[in-house]
Amino acid sequence: MEYEAVIGMEVHVQLNCKSKLFCGCSTDFHAPANTNVCPVCLGMPGAMPVLNREMVNKSVAVGLALNCAISRWSKMDRKNYFYPDQSKNYQISQYDLPLNHGGHLDIHVNGETKRIGITRAHMEEDTARNTHTIGGGQSGVDFNRCGVPLLEIVTEPDIHSADEAYAYLTELKQILQYLDVSDCSMEEGKLRAEANISVRPKGSTAFGTKTEVKNVASFSGTYKAIQYEIARQIQILNDGGTIVQETRGWDDDRGVTFSQRAKESAHDYRYFPEPDLVPIVVDEAWEESIRAALPELPAARRARLTGAFGLSDYDAGVLTATRAMADFYEAAAAKTDPKKAANWIMGDLQALVTEDRAEIGSIPVTPEYLAAMINLIEDGTISGKIAKEVLAEMYRTGKSPAAVVEEKGLVQISDHGAIDAAVAEVIAANPAQVAEFKAGKEKVIGFLVGQIMKATQGKANPKMVNDILRAKLSE
Amino acid sequence: MTAWHEKTAAQIRDAVAAGAVSAAEVTRSYLDRIEAVDGRIGAYTQVWRDEALAQAEGLDQRIQAGEAVGPLAGVPISLKELICTTRGFTTCSSRILQGFQSPYNATVTEKLIAADAILLGKVNMDEFAMGSSTENSAVQKTANPWNLKCVPGGSSGGSAASIASATSAISFGSDTGGSIRQPAAFCGCVGLKPTYGRVSRYGLVAFASSLDQIGPLSRDVTDAALAMNVICGKDPMDATSADLPVEDFTRALTGDVKGLRIGLPKEYFIDALGSEVRALVEASAEVLREQGAEIVEVSLPHTDYAVAVYYIVAPAEASANLARFDGVRYGFRHSDAGNVTEMYVKTKSEGFGPEVQRRIMLGTYVLSSGYYDAYYLKAQKVRTLIKQDFDRAFAECDLILTPTAPTPAFEMGAKSDPLEMYLNDIFTISTNLAGIPAISIPCGLSATGLPVGLQLIGKAFDEATVLRAAHCYEQHAGLQMGAPALG
Ligand SMILES: [Zn+2]
């Protein structure tokens with residue numbers, strides 16, 4: 001039987017607000033344990049939450065970027081459950097009236113565009129972190145993370161493969177970064193993806209039993225976990241078994257998902273409206289002010305770059321992968337040939353950045369210098385080959401291409417006499433190869449050019465070298 | 001020598017500010033009074049003798065240096081056990097918070113300190129404010145100063161008893177369903193529940209967040225107005241506090257009620273109302289009529305449902321509010337548990353008293369998924385109807401006059417059935433559900449010599465009119481209640 005996977009994603013993102021969701025404490029949870037805490041986030045008797053307005057602004061921005069409807073009137077609710085990582089034994093979240101609802105995000109997979117429905121994006125507070133001694137003698141709770149603002153973004157079950165899930169996460173992350181609302185670091189737990197996966201016979205509309213895969217630390221891990229989980233479920237069904245509804249973890253080393261806990265009889269969270277907070281009223285004016293401040297989003301930017309600069313979809317995709325990359329590209333493209341700028345950025349510059357494990361936004365090479373360097377190639381001052389050396393030096397020192405060329409004497413030799421002499425010298429020194437060429441072995445020309453370039457320390461104008469050499473050989 | 005403990009807060013403040021008496025002398029007078037009589041009353045759970053004297057001496061130095069002083073300068077006050085103070089303990093009269101020291105002051109505490117009130121100590125209450133007699137305290141029994149065999153009312157029973165026994169000039173309590181007004185009525189003092197949102201709840205250990213409100217208990221209406229001037233106002237730490245200007249409530253105390261329409265809701269003058277109480281309350285309406293108020297009959301048709309709605313909404317919120325007391329971070333923790341769940345269960349089973357456990361169970365039940373619509377949601381709808389009753393009534397009158405409680409104080413142990421106890425708040429609960437202000441003031445003594453309270457209910461944020469009418473009544477009723485015979 002042929003099966004189809006049905007996947008819904010739940011993504012928790014820590015938005016980069018300066019203070020926690022309901023108090024003024026810093027959101028830096030790397031500080032020494034229990035130092036970024038106050039009576040409010042510790043849930044001390046009598047302490048009361050006050051909603052962080054910055055969080056509402058940023059959450060609405062995400063909602064708008066995901067094409068959601070913004071609730072004119074929403075509220076916070078209490079979600080009751082006991083766990084020692086919660087200071088109040090209830091989490092303040094949103095239940096039946098989320099801030100953002102009914103949106104969508106278009107993703108691109110294998111040359112096709114697919115629309116993924118966004119059910120909702122709601123605000124909630126993070127929990128503390130429990131630590132246990134090995135052997136289980138002692139447990140500690142660090143409340144620095146408790147009350148940190150999270151946005152939970154939930155999709156419709158519109159995703160049907162690991163590829164689509166991966167594309168969704170990538171596109172979502174890109175949007176969050178363009179909005180500058182999160183650094184999306186998965187290692188630091190600032191972006192946590194959870195996949196609800198089930199399979200069903202192709203053509204069926206009923207849902208199969210789902211499993212929940214959580215706590216995966218990377219996109220590639222999520223991709224592999226989904227792939228594995230789909231295959232596992234199909235295998236079980238083909239073997240005549242039944243899927244158990246449960247939460248599963250991902251073992252990256254072994255490349256398998258594993259059962260974490262069977263779903264207990266559905267948890268009763270006893271949600272009810274948070275009486276310590278007033279309703280959240282985002283009126284039209286507030287929504288519009290947030291909409292007006294939205295930056296250009298990745299999809300729009302990609303479309304603009306392909307149109308304005310004639311880039312391929314692929315190149316535009318690479319160059320808009322991050323806002324910093326796209327900013328860099330556009331600044332360079334404004335001052336030189338846009339296609340050449342694209343090639344240099346995606347090629348040599350990206351290689352240097354990758355090797356350095358750096359970010360394009362904070363490298364010593366400015367977009368203006370890169371454009372100037374390309375212009376030096378165009379006007380024949382340096383060769384493309386020398387340019388590679390110039391770029392590496394620019395990257396190392398932060399100097400302008402002109403300064404590098406000047407200091408290192410890298411100006412291209414375009415003097416006919418000088419090249420003529422070097423060609424004559426090389427012909428004289430390599431009679432055997434000259435004879436081979438004259439006997440019709442065309443490939444030898446490469447060797448001779450190499451020798452001439454070597455003799456001129458690579459500075460000779462390659463086109464002139466070729467022309468003069470051929471002329472002399474056919475004399 | 002003047003017996004300062006017999007003076008009102010206004011008299012003390014004026015004398016201290018004028019330099020006629022030192023704050024230290026006044027404070028000593030109250031501390032001595034506590035020592036002399038509180039052994040029989042049991043209002044205080046903790047007395048901060050040294051800190052209170054040090055605070056008073058600091059104030060005296062500032063007065064001598066010619067510095068300006070606050071509006072409650074030198075006034076000795078007490079605080080209900082659930083108002084957070086960095087001084088002493090904040091226990092909610094519960095075993096689960098025994099020895100708990102709050103790391104911060106409630107906003108009200110901060111305001112009182114800034115107003116130069118002298119904090120004498122904390123007073124007893126029903127555990128987590130659940131009760132109508134202060135018999136549910138895990139700490140001690142509090143007696144009614146008028147008759148030591150009787151309860152002082154609840155849950156702010158310690159506050160009311162401290163005023164009646166003259167061991168504090170103003171006491172601050174909390175009112176969730178009548179917890180300021182009913183003990184004020186039982187103990188023959190003034191108790192005001194402000195409009196919801198008038199006073200910051202930050203640092204008030206929550207019982208039912210949508211109903212709780214801090215308010216003063218005092219000897220007379222003027223002192224209640226003085227206290228309100230200090231504690232009201234928007235607090236950035238409490239999102240539900242109202243952003244409205246705070247007027248000077250003492251200016252509302254004009255001594256007359258001319259032109260006011262006062263409504264008597266027929267649903268409150270029912271059979272359950274003791275005939276003695278009915279007679280006294282009706283007589284007080286007559287006093288106000290004689291002073292120029294117009295008495296009209298009004299209707300609050302959903303009154304019958306108030307108690308039922310309250311006992312769904314309040315426990316629901318309490319079940320969440322009290323979830324944090326689990327032994328993990330502070331307070332009492334059961335020492336003998338094998339795992340975390342067992343620790344929770346044993347801590348809560350031993351830390352909370354039976355009434356608190358009953359309400360947590362009730363609240364958990366009404367919020368659970370199968371029953372939410374039938375109980376919690378329906379209760380919220382009826383709550384809206386009760387609010388609308390008041391809106392309609394206030395279209396016809398400026399104030400509503402009712403009894404505060406159906407009977408005077410009862411004897412300790414007399415009401416062993418929780419449901420019977422719940423009916424004690426029958427006349428006070430509706431105003432909490434509607435979020436509107438109400439005051440209880442004494443309107444006479446029963447044949448057995450126990451005080452009876454009269455309740456005046458006002459429109460939202462119209463404490464000024466409530467205080468004005470209460471003050472007028474106080475001036476013209478000619479009550480000769482005297483004081484409890486405590487020596
Ligand atoms: Zn905090």
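As a basis for the values below, the full set of heavy atoms in this structure was taken, side chains included, without hydrogen atoms, waters or symmetry mates. Every chain is numbered from 1 and lettered A, B, ... according to where its sequence line falls, protein lines coming before strand lines.
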>> Taking every non-hydrogen pair under 4.5 Å, which of Leu204(B), Ile83(B), Val328(B) racks up the most with chain A?
In response: Leu204(B)
> Tell me, side chain or backbone of Ala208(B) under 4.5 Å from chain A's heavy atoms, or both, or neither?
Replying inline: neither
> What part of Gln86(A) gets closer than 4.5 Å to chain B, counting heavy atoms only: side chain, backbone, both or neither?
Replying inline: backbone
> With a 4.5 angstrom heavy-atom cut-off, which part of Phe82(A) approaches chain B: side chain, backbone, both or neither?
Replying inline: both
>> Under 4.5 Å from any heavy atom of chain A, what part of Ser102(B) do you find: side chain, backbone, both or neither?
In response: neither
>> Tell me which of these, Ala320(B), Gly331(B), Cys84(B), has more heavy-atom pairs under 4.5 Å with chain A than the rest.
In response: Ala320(B)
>> As a quick check of understanding, evaluate side-chain contact (heavy atoms from CB on, under 4.5 Å) for Asp126(A) and Gln14(A), giving each step before the final call.
In response: CA-CA 8 Å; Asp126(A) 208 345; Gln14(A) 184 193 327; 5.6 Å; no
> Picking from Tyr344(B), Phe332(B), Phe128(B), what satisfies ring pair (Phe, Tyr, Trp, His ring centres under 6.0 Å) with Phe325(B)?
Replying inline: Phe128(B)
> In a check of side chain to side chain contact (heavy atoms under 4.5 Å, CB included) between Met123(A) and each of Leu15(A), Asn100(A), Ile280(A), which one passes?
Replying inline: Ile280(A)
>> Given heavy-atom pairs under 4.5 angstrom as the criterion, report whether the side chain, backbone, both or neither of Asn80(A) touches chain B.
In response: side chain
>> Which atoms of Ser200(B) are under 4.5 Å from chain A, going by heavy atoms: the side chain, the backbone, both sets, or neither?
In response: neither
> Is atom OH of Tyr375(B) surrounded by more than 12 heavy atoms (other residues, nucleotides or ligands) closer than 6.0 Å?
Replying inline: no
>> So for Asp212(B), is it side chain, backbone, both, or neither that comes closer than 4.5 Å to the heavy atoms of chain A?
In response: neither
> Under the 6.0 Å and 45° cation-pi test, does Lys88(A) pair with Tyr90(A)?
Replying inline: yes
> Centres of the Tyr202(B) and Tyr104(B) rings: under 6.0 Å?
Replying inline: yes
> With a 4.5 angstrom heavy-atom cut-off, which part of Tyr365(B) approaches chain A: side chain, backbone, both or neither?
Replying inline: neither
> Between the side chain of Gln46(B) and the main-chain N/O of Phe89(B), is any donor-acceptor distance below 3.5 Å?
Replying inline: yes
> For Leu42(A), is it the side chain, the backbone, both or neither that has a heavy atom under 4.5 Å from a heavy atom of chain B?
Replying inline: backbone
> Can any side-chain N or O of Lys193(B) pair as donor or acceptor with the backbone N or O of Ser179(B) at less than 3.5 Å?
Replying inline: no
> If you tally heavy-atom pairs under 4.5 Å against chain A, which of Asp326(B), Leu97(B), Asn321(B) wins?
Replying inline: Asn321(B)
